[in-house]
Amino acid sequence: MESSEKVVAVIMVGGPTKGTRFRPLSFNTPKPLFPLAGQPMVHHPISACKGITNLAQIFLIGFYEERDFALYVSSLSNELRLPVRYLKEDKPHGSAGGIYYFRDIILEDSPSYIFLLNCDVCCNFPLPDMLEAHKRSGGMGTILVKKVSAESANQFGALVADPVTNELLHYTEKPETFVSDLINCGVYVFTPEIFDAIEDVSVHREGRANLRRISSFEALQSATRNLPTDFIRLDQDILSPLAGKKRLYTHQTMEFWEQIKTPGMSLKCSALYLAQFQLTSPHLLATGNGTKSANIVGDVYIHPSAKVHPTAKIGPNVSVSANVRVAAGVRLISCIILDDAEIMANGDFNDKLGITILGEAVIVEDEVVVTNSIVLPNKTLNLSVAEEIIL
């Protein structure tokens, strides 16, 4: 990359009216800050951005209150030695409308390329590879894509790409019939031309009669009729109409990819990131054989401030957050323990097939067993529970 070619990254974090399927976990903590493998969800895409050459700035865009992100963003800027800014929307503007609303700020460094990432996807974010592919194609945008089972493809944006040139030929969001087993991963790189494309949609929407010109889909026309002019969706309003016009290209990943929509998915994604740490950040994984420190089995993250008794047995797939106290003889398997939780002697989280997440400052008393349950913050459990959400 030429030294003059700056890159910025934009991560869409949504807001409190989004992510309702992630409740009850998002009641106390904004979903993007919920820990996966001991790091906030949004930290994983941010971490991947560090691999981009000539990265000038990272922006988080959403409509959470600024105070929710202020502390995190300032500590992150120091850690990365790179400006990280949270930009709060006055209201939801859609996945394309959000970046358009802040276009002047995003373009202030005159970037040659703009990465756009959704916060609620879990993958290895192969951003440098995407950028190289994007430059080779010479298009306006490149979309990260992945092959999935034919049965699950209609839950996502399905697309058809040219097998030789990787050009995006056709795009449909959550199709009713089978289109392709290739899906949109919610990770993109664009040239600044993307803002012209978004502006075109906004201008055309002013006159409903012009809608036929940007898309042949009758369904799109009826769905778009009642949308405000400044609410613009990247998938239906930009990707679908521009498919097949040599403007958009695809880059396929063979690595893991999941969407983080439900509490159950958070545990699966935590496991994927813990496994990835073996390759990228082995220093974050706990070790121990039960003598001076706890007996660690498989991939486990334990925050430095947590106190874990040497007779405890932890793992696989366990993430222990800040100031957690784990007493003697405790057994933890497949769970996420949030800040300030206390697990007393012989508390046993032992259900490999289920999901157990303890909210902040939960206390599990002696001999209490919790399996396949989610416990909201500030609760004390003196009885064993299974298959429950404790509100």
Side-chain angles (χ1 to χ4, degrees), residues 1-14 29-62 64-89 98-99 102-132 134-135 144 186-192 273-274 276-286 301-305 319 321-323 339:
M1 186 188 291
E2 293 174 24
S3 57
S4 60
E5 290 188 328
K6 288 184 183 168
V7 183
V8 296
V10 178
I11 300 172
M12 306 299 284
V13 299
T29 306
K31 181 180 171 182
L33 298 182
F34 185 82
L36 302 178
Q39 314 294 322
M41 186 186 294
V42 71
H43 199 88
H44 297 282
I46 287 171
S47 216
C49 290
K50 289 190 290 190
I52 302 169
T53 310
N54 294 344
L55 183 68
Q57 284 206 67
I58 296 174
F59 300 100
L60 310 182
I61 294 181
Y64 288 99
E65 290 303 319
E66 288 180 46
R67 65 172 179 270
D68 291 339
F69 282 91
L71 200 63
Y72 175 67
V73 163
S74 67
S75 68
L76 202 59
S77 296
N78 292 336
E79 181 194 327
L80 299 179
R81 296 186 181 84
L82 187 77
V84 181
R85 291 168 70 181
Y86 176 63
L87 304 176
K88 183 183 182 294
E89 296 177 84
I99 60 170
F102 291 112
R103 61 194 177 280
D104 293 342
I105 297 175
I106 293 168
L107 293 172
E108 67 190 4
D109 279 317
S110 303
S112 301
Y113 304 101
I114 299 150
F115 275 96
L116 180 63
L117 299 86
N118 280 313
C119 171
D120 63 353
V121 300
C122 161
C123 71
N124 71 326
F125 299 103
L127 307 182
D129 292 347
M130 272 186 82
L131 187 53
E132 288 309 310
H134 175 69
K135 289 179 182 175
L144 189 68
V187 179
Y188 314 87
V189 58
F190 294 108
T191 64
Y273 282 137
L274 284 169
Q276 191 190 20
F277 286 170
Q278 295 276 12
L279 301 171
T280 60
S281 314
H283 63 281
L284 291 176
L285 292 171
Y301 170 84
I302 298 176
H303 192 276
S305 64
S319 172
S321 300
N323 303 312
D339 292 358

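Since the model is a prediction, treat every value here as computed from it, not as a measurement. The residues of the chain are indexed from 1 along the displayed sequence.
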To the nearest 0.5 Å, what is the distance between [atom1] on [X] and [atom2] on [Y]?
X	Y	atom1	atom2	value
F59	I99	CZ	CD1	11.5 Å
L60	K88	CG	NZ	14.5 Å
C123	Q276	SG	CD	8.5 Å
L87	M12	CG	CE	10.0 Å
D120	I11	CG	CD1	12.0 Å

Taking the side chain as everything from C-beta on, heavy atoms only, tell me whether [X] gets closer than 4.5 Å to [Y].
X	Y	value
C119	M41	yes
L80	I58	yes
V189	V7	no
P192	L107	yes
C49	L127	yes
F69	P32	yes
L76	H43	yes
F125	M130	no

Margin query: Quick one, E108 with Q57, criterion side-chain contact (heavy atoms from CB on, under 4.5 Å). Give me CA distance, side-chain angles, the key distance, then yes/no.
Written below: CA-CA 10 Å; E108 67 190 4; Q57 284 206 67; 3.1 Å; yes
Of all heavy-atom pairs between [X] and [Y], which one has the smallest distance, and what is that distance?
X	Y	answer
P304	Y301	CD-OH, 4.0 Å
V121	Y273	O-OH, 3.7 Å
A56	D109	CB-OD2, 3.8 Å
I61	Y86	C-CE1, 4.4 Å

[X] side chain to [Y] backbone, donor-acceptor under 3.5 Å:
X	Y	value
H44	A37	no
S281	F277	no
S77	V84	yes
S305	N323	yes
D339	A322	yes

Check: Stepwise, does the side-chain contact (heavy atoms from CB on, under 4.5 Å) test hold for L274 with L285?
Finding: CA-CA 8 Å; L274 284 169; L285 292 171; 4.0 Å; yes
Checklist line | Test side-chain contact (heavy atoms from CB on, under 4.5 Å) applied to Y113 and I52, step by step | finding: CA-CA 11 Å; Y113 304 101; I52 302 169; over 6 Å; no
Check: Hey, what's the ring geometry for Y188 with F190, parallel, tilted or perpendicular (30° and 60° as the breaks)?
Finding: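 Judged by the thresholds at 30° and 60°, the geometry between Y188 and F190 is parallel.
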Next item on the list: Determine, stepwise, if the pair Y64 / L33 fulfils side-chain contact (heavy atoms from CB on, under 4.5 Å).
Entry: CA-CA 11 Å; Y64 288 99; L33 298 182; over 6 Å; no
